[in-house]
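We name chains A, B, ... by the order of the sequence lines, and we start the count at 1 in each one.
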Amino acid sequence: MQDDTFFDKVYKVVKCIPPGRVTSFGAIARFLGTGKSARMVGWAMNASHSQLENVPAHRVVNRVGLLSGKHHFEGGNVMQQLLESEGIKVSDDKVVNFAQLFWDPAKELVL
DNA sequence: TTGCTGACCGACG
DNA sequence: CCGTCGGCCAGCA
């Protein structure tokens, strides 16, 4: 699938995230094989606005479960509301039980 | 065309 | 424990 660029790969993985689950930038980056390029994953989220399909970027958080990208949403607590809407508890912009809700594409995503 | 920046992570001292 | 640095790729001026 060489047609898929790094961004497209990120979008695909993010869109494969099941509801009620969250993942981290590093997990996606490592899954894509970039590993250290976790920053690109976040940048892809920023570019996700260009994607016609809605990318559940609210399910993507940093390694500590912090809603690092919530500042990039409509500007409010939309990201937290979306997570809570899926059953994910969020406290102080952080995902509760992050370890349990953590979804690793390299393990749970079956190609 | 070149260069800087960016929602991060991991390693080192 | 905490501060600092390197690294990857794509978009924008």
| remark: Testing B/dA7, B/dC8, B/dG10 for proximity to the side chain of A/Arg63, the answer is B/dG10
| request: Please list, chain by chain and in numerical order, all residues satisfying salt bridge (charged side-chain N to carboxylate O under 4.0 Å, His left out) with A/Asp104, sequence neighbours excluded. | output: none
| Side-chain donor/acceptor of A/Arg21 to backbone N/O of A/Gln100, under 3.5 Å | yes
What are the atom names and distances for every N/O pair under 3.5 Å that joins the protein to nucleotides 2-4 of chain C?
none

| task | Decide yes or no for A/Thr23 and A/Phe31: does some side-chain heavy atom of the first lie under 4.5 Å from some side-chain heavy atom of the second? | result | no
| said: A side-chain contact here means heavy atoms from C-beta on lying under 4.5 Å apart; do A/Pro18 and A/Arg59 qualify? | reply: no
| request: Give the rounded distance in Å between these two atoms: CD of A/Gln51 and P of B/dA7. | output: 18 Å
| request: In whole angstrom, give the distance that lies between atom CG of A/Leu32 and atom P of C/dG7. | output: 21 Å
| Any residue meeting ring-ring contact (aromatic ring centres under 6.0 Å, His included) with A/Phe102, in chain and number order, not counting sequence neighbours | A/Phe98
| query | B/dA7 C1' sits how many Å from A/Lys70 NZ, rounded? | reply | 13 Å
| message | Once you apply a heavy-atom cut-off of 4.0 Å, does A/Ser68 come out as touching a base, just sugar-phosphate, or nothing? | response | sugar-phosphate
| field | Between C/dG11 (C1') and A/Asp8 (CG): distance, integer Å | value | 14 Å
| query | Please give, in whole Å, the distance from C/dA10 C1' to A/Phe6 CZ? | reply | 10 Å
| How would you list, by chain and number, every residue that makes a salt bridge (charged side-chain N to carboxylate O under 4.0 Å, His left out) with A/Glu108, sequence neighbours excluded? | none
| field | Nearest-Å distance once atom C1' is located in both B/dG10 and C/dA10 | value | 22 Å
| Roughly how many Å is it from CG in A/Leu66 to P in B/dC8, rounded to a whole number? | 9 Å
| field | Length of the line joining A/Leu67:CG and B/dC8:C1', which is rounded to integer Å | value | 15 Å
| message | Between A/Asp92 and A/Lys94 (side chain of the first, backbone of the second, donor and acceptor by atom type, cut-off under 3.5 Å), is there such a pair? | response | no
| remark: Separation of C/dG6 atom C1' from A/Lys36 atom NZ, nearest Å, is 8 Å
Listed pairs, N/O of protein and of nucleotides 3-6 of chain B, under 3.5 Å:
unit_1	atom_1	unit_2	atom_2	d
B/dG6	O6	A/Arg39	NH2	2.7

| remark: For A/Lys15, the salt bridge (charged side-chain N to carboxylate O under 4.0 Å, His left out) test, sequence neighbours excluded, returns A/Glu53
| task | With the side chain counted from C-beta on, respond yes when A/Thr34 and A/Met40 share a heavy-atom pair under 4.5 Å apart, and no when they do not. | result | no
